[in-house]
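Positions are given from 1 along the sequence. Whatever order the structure lists them in is the order used to number ligands and atoms, beginning at 1. This is a predicted model, so every value here is computed, not measured.
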Amino acid sequence: VAMAHLAWRLAQRWCQSSLQVISFPVVQLHLNRTAMRASQKDFENAMNQVKLLKKDPGNEVKLKLYSLYKQATEGPCNMPKPGVFDLINKAKWDAWNALGSLPKETARQNYVDLVSSLSSSLESSSQVEPGTDRKSTGYETLMVTSEDGITKIMLNRPTKKNALNVEMYHEIMHALKAASKDDSAITVLTGNGDYYSSGNDLTNFTDIPPGGVEEKAKNGAILLREFVGCFIDFPKPLIAVVNGPAVGISVTLLGLFDAVYASDRATFHTPFSHLGQSPEGCSSYTFPKIMSPAKATEMLVFGKKLTAGEACAQGLVTEVFPDSTFQKEVWTRLKAFAKLPPNAMRISKEIIRNREKEKLHAVNAEECSVLQGRWLSDECMNAVVNFLSRKSKL
Ligand SMILES: CCCCCCCCCC/C=C/CC(=O)SCCNC(=O)CCNC(=O)[C@H](O)C(C)(C)COP(=O)(O)OP(=O)(O)OC[C@H]1O[C@@H](n2cnc3c(N)ncnc32)[C@H](O)[C@@H]1OP(=O)(O)O
């Protein structure tokens, strides 16, 4: 029932979004222009231009591009309608099918016009931080820089409060593996914008593969285990610079960091029971050790949100700084740490961590297996539906 509800809510959102795209004046103007006819060469150029867009145009526009492409190359929709839970393919099918018997040439022209309007609007509105060459980092969801002996991995989805989508999980693993081998002495994880991170991106639950929700949950557990494993095994000092509120997995992982510096604006929230879920990031083991079993229960079971001061008093945070001087003070300190002999720091971390490694991997495996079951529960599905349908927030 919860899944059907979720599918229905998403279908409503897709509908609303598609309407918005179609009624968007610039696009509408182009869609109505049938007098000109694009050549096959124009069409191929437009396809290449799409690959070069610097900014993701968003799902609605991608759907429009997909449907026009299919119509231009294959004509009216000729695929069987996907099942209700196959949300992505259903949305694609709906978009293509909605074009009805639009002639191939018109679809081709509309595709070329849409790409041309996108190229100009996205180029001019791209907001890349000064001095940051996103291409040089090669990451979509992170900004990774290396200077003064410090590799900084910055979560970079500020408009989504740095929620971790599947791509971000993969990119963080990649960035950690690269940082473990580069010549920096320490590695820092932080967030861009007002949040450190709002935790797992709840839309990760919506893209159901052909194998159904069971397959999704199984793949989610595999991904999570590998992801947390990278933090357990990370060989250099790993420091969290918590610039704002932290939720869910971005909090639990802190137990695997070597130091955690927080702005006094930061809060620490693990609302797993509210979300029908259970602890991950080895927090079922690290939190009771760090802060006592009862305090860990308040956070992990009852979802108590801690201020930065409280998190520091309980040992989860190393030190708290006033927000106004946070960046300056923390980075001055980190630059000093980074000047220490790197091999000595590695070896010292190794003897602290090695005693615990086997245990941490076992805890990680168990937590992922329990979560796999939780993700299939009504409690979890309802919580996700409520968030996605804007009925609830933390
Ligand atoms: C079975 C499949 C598995 C797939 C793979 C999974 C692998 C690992 C899973 C590990 C599990 C981890 C557990 C957790 O992390 S639990 C924590 C989950 N997080 C939340 O529940 C937070 C939800 N967000 C909120 O409650 C609020 O957004 C906020 C953080 C309190 C902020 O509220 P505020 O009013 O300030 O801002 P907005 O709500 O307007 O947010 C701005 C936009 O950002 C979007 N957003 C924010 N957080 C998330 C999120 N976690 N997931 C998805 N989207 C998020 C929000 O929707 C707004 O988007 P919009 O502008 O497009 O509306």
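Shown in contact with Leu224 at under 4.0 Å from a heavy atom are these atoms of ligand 1, numbered in order with element: 8 (C), 10 (C). Listed by number with element, the atoms of ligand 1 under 4.0 angstrom from any heavy atom of Gly199 are 15 (O). Listed by atom number, the atoms of ligand 1 under 4.0 Å from Ala163 heavy atoms are 49 (C), 50 (C), 51 (N), 52 (N). Each of the following atoms of ligand 1 lies closer than 4.0 Å to a heavy atom of Leu275: 16 (S), 17 (C), 18 (C), 21 (O). Under a 4.0 Å criterion applied to the non-hydrogen atoms of Lys161, ligand 1 contributes the atoms 36 (O), 37 (O), 41 (O), 42 (C), 47 (C). Within the listing of ligand 1, atoms 14 (C), 15 (O), 16 (S), 17 (C) sit less than 4.0 angstrom from a heavy atom of Gly248.
A salt bridge links Arg333 to Glu319: one of the charged nitrogens lies within less than 4.0 Å of a carboxylate oxygen. Using a cut-off of 4.0 Å between Lys/Arg side-chain N and Asp/Glu carboxylate O, Glu367 and Arg225 are scored as not salt-bridged. Between Lys161 and Asp194 there is a salt bridge, with a side-chain nitrogen of the basic residue lying less than 4.0 Å from a carboxylate oxygen of the acidic one.
Aromatic pair Phe227/His170: ring centres not closer than 6.0 Å.
For ligand 1, the polar-atom distance check finds no N/O of Gly220 at less than 3.5 Å from any of the ligand's N/O atoms. Inclusion of Glu280 in the set of residues having an N or O under 3.5 Å from an N or O of ligand 1 is not warranted. In terms of polar-atom proximity, defined here as any N/O pair under 3.5 Å, Ser198 does make such a contact with ligand 1. Taking any N or O of Leu202, backbone or side chain, at least one lies under 3.5 Å from an N or O belonging to ligand 1.
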Could you walk me through whether Asp201 and Arg157 pass salt bridge (charged side-chain N to carboxylate O under 4.0 Å, His left out), step by step?
CA-CA 11 Å; Asp201 189 316; Arg157 298 182 73 215; 2.8 Å; yes
Can you list the steps and then say if Tyr196 with Leu189 is a side chain to side chain contact (heavy atoms under 4.5 Å, CB included)?
CA-CA 9 Å; Tyr196 176 66; Leu189 190 72; 3.5 Å; yes
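Judged by the shortest distance from any of its heavy atoms, Val166 lies outside the 4.0 Å radius around the atoms of ligand 1. At least one heavy atom of Thr159 sits under 4.0 Å from some atom of ligand 1. Assignment of Tyr169 to the shell around ligand 1 is supported, since a heavy atom sits closer than 4.0 Å.
Atom CE of residue Met299 and atom OG1 of residue Thr297 lie 11.5 Å apart, to the nearest 0.5 angstrom.
A 6.0 Å sphere centred on CD of Glu167 holds more than 12 heavy atoms belonging to other residues, nucleotides or ligands.
Other members of the hydrophobic cluster containing Val188, listed by chain and number, are Ile150, Ile186, Ile239, Val241, Tyr261, Phe321, Phe326, Val330, Trp331, Leu334, Phe337, Leu340, Met345; membership follows side-chain contacts under 4.5 Å among ILVMFWY residues, whether direct or relayed.
With a 4.0 Å heavy-atom cut-off, ligand 1 is reached by the backbone of Asn200 and by its side chain too.
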